[in-house]
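Attaching a single structure in structure tokens format; questions to follow.
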Amino acid sequence: MPCRCELKKKIKDAAIPWVPERTVYMDYNSTTPVDPRVLGSFERVCRRTWGNPSSIHSAGVESWMEMESLIETAADWTGCSPEGFFCCAGGTDALNTLILGSAVRNPDAVFITETTCHSSVKHPLFHLEKKSPAAPFGFRGSVLELEVNSDGTVNLEQLTHKLGAQLKHERKGILIISPVNHETGAIQPIKEIYRITSESGAVLILDAVQAAARLSPSEWAPYCDAFCLSGHKLYAPKGIGLVWKRTGLKISGLRFGGSAGNSPFPGTENVPGAAALSDAIRLMQKDFDEENRVMTSLMKDGLRILEQKGVEFILESPENRAPGVCCISLKQQTDMEKLILDLNSRGICISRFSACTGRLDGESAVLKNMGRNGKRASQSLRISLGRWSKREDFFRLAEALLESS
């Protein structure tokens, strides 16, 4: 299997021009284009509000007010207390801090996640489990995984049992769950999961990076002790994200240096990114229901177009999935790396796994853990739509898949 650098080199050597206007982009789960409507705030801050928000003078106060505006916007959007919000660099930054920072505070804790979680959850937990040099010094706890059902949802009976077992040993349970799966769009029963964790005295942390873009905050934000989101999934620039945690939940910072207040994320804040994310959230609030309705309808029509054009596939995502996301297995494809590279040569940007996976071939671990056989798991393709997706994209995808089979 070639490494990620070799894959990028293949695309580079093919000299395929990147022309956004002519590209079919079906990888919104990986990242979203920046909405032009948020660029005004980004540029305004770069030009006019470039003070350090920690500085004690008018330039600093003006930048600090931009950061406060983002927090007020996020609080209004999610219904969560503004005091619990902190700015960070994005989902991976947030999850590493939430997980490893919790381990510093709770060295005997039992961390629990599900088998289909994203690598930004899986990797810090791996370092905890292996007691690697990257794990917090003195961690003595353990890491457990929950099985998922065939629809990708957590096995609630197993969750109850594992949390109950920790109570007997008086060990703190810390659960990390993604409300929306990054590959299939499967939606977890977060309200029920939160009830179970609360009754056991455990902590629930949500990786809401995908959920924030596709589910109303009312479906996940009230039902956790902490969550994180990333701006580049919400049509804002890369390098800006948010963490919220309830009052009283202790998270130790992993880095040290200048910091605004008691933030576990030290350093000078990304003020232009914060201004853009604030605008992006307000745009989502305004158009959320209509965009989700359009994406749900478009995905339904798109799968019908693939079927009518003769593309043979199996829908692997459950019926209860986030708008605009689905995973299919292609019956006639045997070399998925060749297929993805061929689609790219035809101006179609699409993925199989999360961008962090760094490969194109092999079996989907998500589908394997959902009980799919090896053949289906090795023929999967993720389709994720967004704000500028259209029906014509599916006609081009169908044509390309048929010519590449």
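We count residues from 1, following the sequence as given. These values consider heavy atoms only, across backbone and side chains, with no hydrogens, waters or symmetry-generated copies.
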Quiz item: Would a distance-only check, ignoring hydrogens and angles, find a side-chain to backbone donor-acceptor pair under 3.5 Å from Asp207 to Ile176?
Solution: no
Self-check item: Polar side chain donor-acceptor pair, Asn106 to Arg140, under 3.5 angstrom
Solution: no
Exercise. List in chain and number order the residues that pass ring-ring contact (aromatic ring centres under 6.0 Å, His included) with Trp50, two or more places apart in sequence or in another chain; answer none if no residue qualifies.
Key: none
Quiz item: Are any of the side-chain nitrogens in Arg321 or Asp151 under 4.0 Å away from the carboxylate oxygens of its partner?
Solution: no
Exercise. For Arg391, look at atom CZ and say whether over 12 heavy atoms of other residues, nucleotides or ligands are found less than 6.0 Å away.
Key: no
Exercise. Pick out which of Pro222, Ser216, Pro217 makes a side chain to side chain contact (heavy atoms under 4.5 Å, CB included) with Glu219.
Key: Ser216
Exercise. Drop me the distance from Trp220's CH2 to Ile177's CD1, to the nearest 0.5 angstrom.
Key: 15.0 Å
Quiz item: Do the charged groups of Lys122 and Glu114 touch, with an N to O distance under 4.0 Å?
Solution: no
Exercise. For the residue pair Tyr28 and Tyr235, categorise the inter-ring angle as parallel (less than 30°), tilted (30 to 60°) or perpendicular (more than 60°).
Key: tilted
Practice problem: Evaluate side-chain contact (heavy atoms from CB on, under 4.5 Å) for Leu401 paired with Leu343, printing each intermediate quantity in order. | Solution: CA-CA 8 Å; Leu401 289 173; Leu343 292 177; 4.2 Å; yes
Self-check item: Arg387 side chain to Thr32 side chain, donor-acceptor N/O pair below 3.5 angstrom
Solution: no
Self-check item: Lys309 with Glu399: basic N within carboxylate O range, under 4.0 Å
Solution: no
Practice problem: Indicate yes or no for a side-chain donor-acceptor contact from Ser198 to the backbone of Arg195 under 3.5 Å, with no hydrogens or angles considered. | Solution: no
Quiz item: What's the verdict on salt bridge (Lys or Arg N to Asp or Glu O under 4.0 Å) for Arg396 and Glu392, showing C-alpha distance, side-chain angles and the deciding distance?
Solution: CA-CA 6 Å; Arg396 282 184 60 182; Glu392 289 77 8; over 6 Å; no
Self-check item: Student check: side-chain heavy atoms of Gln285 and Asp76 closer than 4.5 Å
Solution: yes
Practice problem: Might you confirm whether atom CD of Glu307 has over 12 heavy atoms from other residues, nucleotides or ligands at distances under 6.0 Å? | Solution: no
Quiz prompt | Option from Cys326, Cys327, Ser364, Ser380 for which side chain to side chain contact (heavy atoms under 4.5 Å, CB included) with Thr184 holds | solution = Cys327
Exercise. Output, in order, the C-alpha distance, side-chain angles, deciding distance and verdict of side-chain contact (heavy atoms from CB on, under 4.5 Å) for Met336 and Leu330.
Key: CA-CA 9 Å; Met336 294 303 291; Leu330 299 166; 4.2 Å; yes
Quiz prompt | Residues Asp342, Lys338: salt bridge by 4.0 Å N-O rule | solution = no
Quiz prompt | Residues Glu62 and Thr49: side-chain donor-acceptor under 3.5 angstrom | solution = no
Quiz item: Thinking salt bridges, do Asp108 and Arg171 make one under a 4.0 Å N-O criterion?
Solution: no
Quiz item: Does a side-chain N-to-carboxylate-O contact under 4.0 Å join Lys368 and Glu363?
Solution: yes
Exercise. For Ser278 and Thr73, test the side chains for any donor-to-acceptor distance below 3.5 angstrom and give the result as yes or no.
Key: yes
Quiz item: Which pair of heavy atoms, one from Asp93 and one from Thr97, lies closest together, and at what distance?
Solution: O-OG1, 3.0 Å
Quiz prompt | Flag side-chain contact, heavy atom, 4.5 Å: Pro82 against Glu72 | solution = no
Quiz prompt | Working for side-chain contact (heavy atoms from CB on, under 4.5 Å), residues Thr116 and Glu183 | solution = CA-CA 9 Å; Thr116 62; Glu183 200 169 308; over 6 Å; no
Practice problem: Among Thr153, Leu146, Leu204, find the one that has a side chain to side chain contact (heavy atoms under 4.5 Å, CB included) with Ile193. | Solution: Leu204
Quiz item: At what distance, to the nearest 0.5 angstrom, does CG of Asn149 lie from CG of Leu156?
Solution: 7.5 Å
Quiz item: Ser142 versus Leu128: any side-chain heavy-atom pair under 4.5 Å?
Solution: no
Exercise. Quick one: pull up NZ in Lys162 and CG in Leu175 and give me the separation to the nearest 0.5 Å.
Key: 11.0 Å
Self-check item: Test side-chain contact (heavy atoms from CB on, under 4.5 Å) applied to Met370 and Ser150, step by step
Solution: CA-CA 5 Å; Met370 289 170 62; Ser150 61; 5.7 Å; no
Quiz item: In this structure, are over 12 heavy atoms from other groups packed under 6.0 Å from Glu147 atom CD?
Solution: no
Practice problem: Any chance you could lay out the side chain to side chain donor-acceptor pair (under 3.5 Å) test for Arg293 and Ser297, step after step, and finish with the verdict? | Solution: CA-CA 6 Å; Arg293 185 192 66 77; Ser297 177; 5.6 Å; no
